[in-house]
Amino acid sequence: MTKNILNFHKETARIFAENLLQWFYKSKRALPFRETKNPYNIWISEIMAQQTQIDTLIPYYHRFVEAFPDVTALATAPEDKVLKLWEGLGYYSRAKNLHKAAKIIHEEYDGIFPDHYDALIKLPGIGPYTGGAIASIAFKEKVPAIDGNVLRVISRFNNYSGDIADVKVKKAITDWVAQAIPDAPGDFNEGLMELGALVCTPTNPKCMICPERDICEAFKEGMTNQLPIKSKKQRQKKLEMEVGIIDMGGALYLVQRPEKGLLSGLWSFPIIEEEKTKPGNAIRQTLKTVFPDLPEGKVIGNSKHVFSHVIWNMTVYYFEIDPVMAAEAPEKYGDAQAAFKDREQLAAVALPTAFSKLLALL
DNA sequence: CACGCGTGGCA
DNA sequence: TTGCCAAGCGT
């Protein structure tokens with residue numbers, strides 16, 4: 001049977017921390033951002049790690065810190081260059097907030113990285129988890145860093161049935177961890193996450209090699225596969241979309257996404273929701289407002305793209321236009337920036353995966 | 001405060 | 001194929 005109350009027992013927590021640290025020092029992965037305690041590098045890696053698997057972020061991390069080795073380099077870079085380095089990683093507001101925070105540190109903190117939790121979480125993009133991670137790892141502050149791994153590990157360790165999507169449950173687990181933090185807060189926090197990533201995994205946890213097996217309540221009760229409890233999120237809404245690719249002698253017409261909402265600020269092909277009774281009409285009519293002489297297009301394929309909260313079923317229309325139309329090539333698409341981009345120019349702008357994968361249809 | 005916000009891996 | 005999940009944050 002599971003428990004719906006989370007109790008803290010000091011001695012149990014002490015042994016838990018001891019086991020964890022011993023395991024972590026022996027079993028931790030060699031990750032690039034573990035080669036330093038520089039708060040800047042820790043920060044970049046932690047922002048990239050939000051909702052992202054470590055293996056995915058590693059090449060991005062290398063490229064990013066090479067291009068922007070310190071806060072000043074990032075603060076003084078143009079935003080489009082920052083977004084370009086984030087291209088394909090998703091959740092692009094992370095990159096924008098990273099850039100904003102770098103400017104704040106550069107201008108208001110004299111380039112000196114804030115060295116404690118309370119100051120860190122005031123920066124855009126740094127919330128309770130990331131603030132705790134940077135403060136504990138780079139500055140040895142005794143604060144928790146509660147991510148999805150930690151919620152799962154602590155839930156199982158205590159055979160605790162609280163719904164980890166519930167803020168009250170998150171707070172209870174945060175309090176438990178805060179009291180359990182030993183003298184090496186950074187290693188402890190990293191160890192908790194590493195245990196969740198390598199051993200106490202969401203499915204098929206490797207209890208046989210777990211350093212906490214002997215004192216894990218869920219293991220004792222045979223509940224590891226039922227925990228944690230997590231309420232479900234609702235399903236993505238499906239949208240039928242029409243994409244227009246205009247090709248002018250190899251240069252493609254790109255538009256910048258609006259300032260708010262999905263993929264905001266990044267580049268895309270013109271795209272609009274289909275009018276159900278008239279397939280192809282919506283994109284064609286929209287494009288004709290900027291290209292009155294638009295020739296007939298053809299469908300070159302379909303593409304499905306799954307976002308966090310919506311699914312696009314895209315029908316891709318292809319239009320070839322004469323280079324003489326370059327003279328009238330509009331730099332505005334509605335209110336948005338727009339331009340024909342040749343291969344080299346295309347490579348310089350941030351084109352999200354939803355659109356870059358359409359290039360394979362050409 | 002429930003929801004908006006990307007992408008890739010995996011049973 | 002489908003759904004779930006991954007080192008969350010802003011509003």
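In the text below, chain A, chain B and the rest are named by the order of the sequence lines, each starting its count at 1.
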Open item on the list: Side-chain heavy atoms nearer than 4.5 Å, only ILVMFWY residues, links allowed to pass through others: does that put A/V243 and A/L263 together?
Closed with: yes
Open item on the list: I'd like to know if the side chain of A/D163 pairs up with that of A/S231 as donor and acceptor (distance under 3.5 Å, no hydrogens or angles considered).
Closed with: yes
Open item on the list: Assuming nearest nucleotide by heavy-atom distance, tell me which of A/T203 and A/R94 is located more 5' along DNA chain B.
Closed with: A/R94
Task: Proximity of A/H305 and A/F307 rings by center, below 6.0 Å - done: yes
TODO: On the 0 to 90° scale, with breaks at 30° and 60°, tag the A/F16-A/F157 ring pair as parallel, tilted or perpendicular.
DONE: tilted
- [ ] If the plane angle is over 60° it's perpendicular, under 30° parallel, otherwise tilted; pick one for A/Y253 and A/F340.
- [x] tilted
TODO: For the residue pair A/E217 and A/N158, confirm or rule out a side-chain donor-acceptor distance under 3.5 Å.
DONE: no
- [ ] Walking along DNA chain B from 5' to 3', note the first and the last nucleotide with an atom under 4.0 Å from a heavy atom of chain A, and give both.
- [x] B/dG4 to B/dG8
- [ ] In whole angstrom, give me the gap between the P atoms of C/dA7 and B/dA11.
- [x] 16 Å
TODO: Treat primed atoms plus P, OP1 and OP2 as sugar-phosphate and everything else as base, then score nucleotides 2-11 of chain C 5' to 3': B for base contact with protein heavy atoms under 4.0 Å, S for sugar-phosphate contact only, - for none.
DONE: SSSSBBBSS-
Open item on the list: For A/T289, give me all partners under side-chain contact (heavy atoms from CB on, under 4.5 Å), at least two apart in sequence or on another chain.
Closed with: none
Open item on the list: Distance alone, cut at 3.5 Å: any donor-acceptor contact between the side chains of A/N189 and A/S136?
Closed with: yes
Task: Test item: A/S27 side-chain N/O and A/F24 main-chain N/O as donor-acceptor pair under 3.5 Å - done: no
Open item on the list: Using a heavy-atom cut-off of 4.0 Å across all strands, would you classify A/L57 as base, sugar-phosphate, or nothing?
Closed with: nothing
Task: Any residue of residues 165-182 of chain A with a heavy atom less than 4.0 Å from an atom of DNA chain C - done: none
Open item on the list: Between A/R257 (side chain only) and A/L266 (backbone N and O only), is there a donor and an acceptor less than 3.5 Å apart?
Closed with: no
TODO: Measure from the ring center of A/F64 to the ring center of A/F68 and say whether it is less than 6.0 Å.
DONE: yes
Open item on the list: Under a plain distance cut-off of 3.5 Å, with no hydrogens placed, do A/Y160 and A/N4 share a side-chain donor-acceptor pair?
Closed with: no
TODO: Using distance alone, with no hydrogens and no angle criterion, decide if A/K96 and A/S264 have a side-chain donor and acceptor under 3.5 Å apart.
DONE: yes
Open item on the list: Roughly how many Å apart are C/dC4 and B/dC3, using the P atom of each and rounding to a whole number?
Closed with: 16 Å
- [ ] Enumerate the residues from residues 352-362 of chain A whose closest heavy atom to DNA chain B is under 4.0 Å, giving them by residue number; use none for an empty result.
- [x] A/P352, A/T353, A/A354
TODO: Dot-bracket for DNA chain B, please, read 5' to 3', with Watson-Crick or G-U wobble pairs under 3.5 Å on both distances, ( ) within the strand, [ ] crossing, | other strand, . unpaired.
DONE: .||||.|||||
Open item on the list: The test is salt bridge (charged side-chain N to carboxylate O under 4.0 Å, His left out); show your working for A/R284 and A/E296 and say whether it passes.
Closed with: CA-CA 9 Å; A/R284 176 165 181 78; A/E296 284 302 312; 3.4 Å; yes
TODO: Would you check if the distance from the ring center of A/W43 to the ring center of A/F113 is below 6.0 Å?
DONE: yes
Open item on the list: For a quick check of understanding: with a heavy-atom distance under 4.0 Å over all strands, which category does A/S308 fall into, base, sugar-phosphate or nothing?
Closed with: base
- [ ] Pick the P atom in B/dC5 and in B/dG9, then give their distance to the nearest Å.
- [x] 23 Å
Open item on the list: Quick check: closest heavy atoms across A/L227 and A/S155, and the distance to 0.1 Å?
Closed with: CD1-O, 3.9 Å
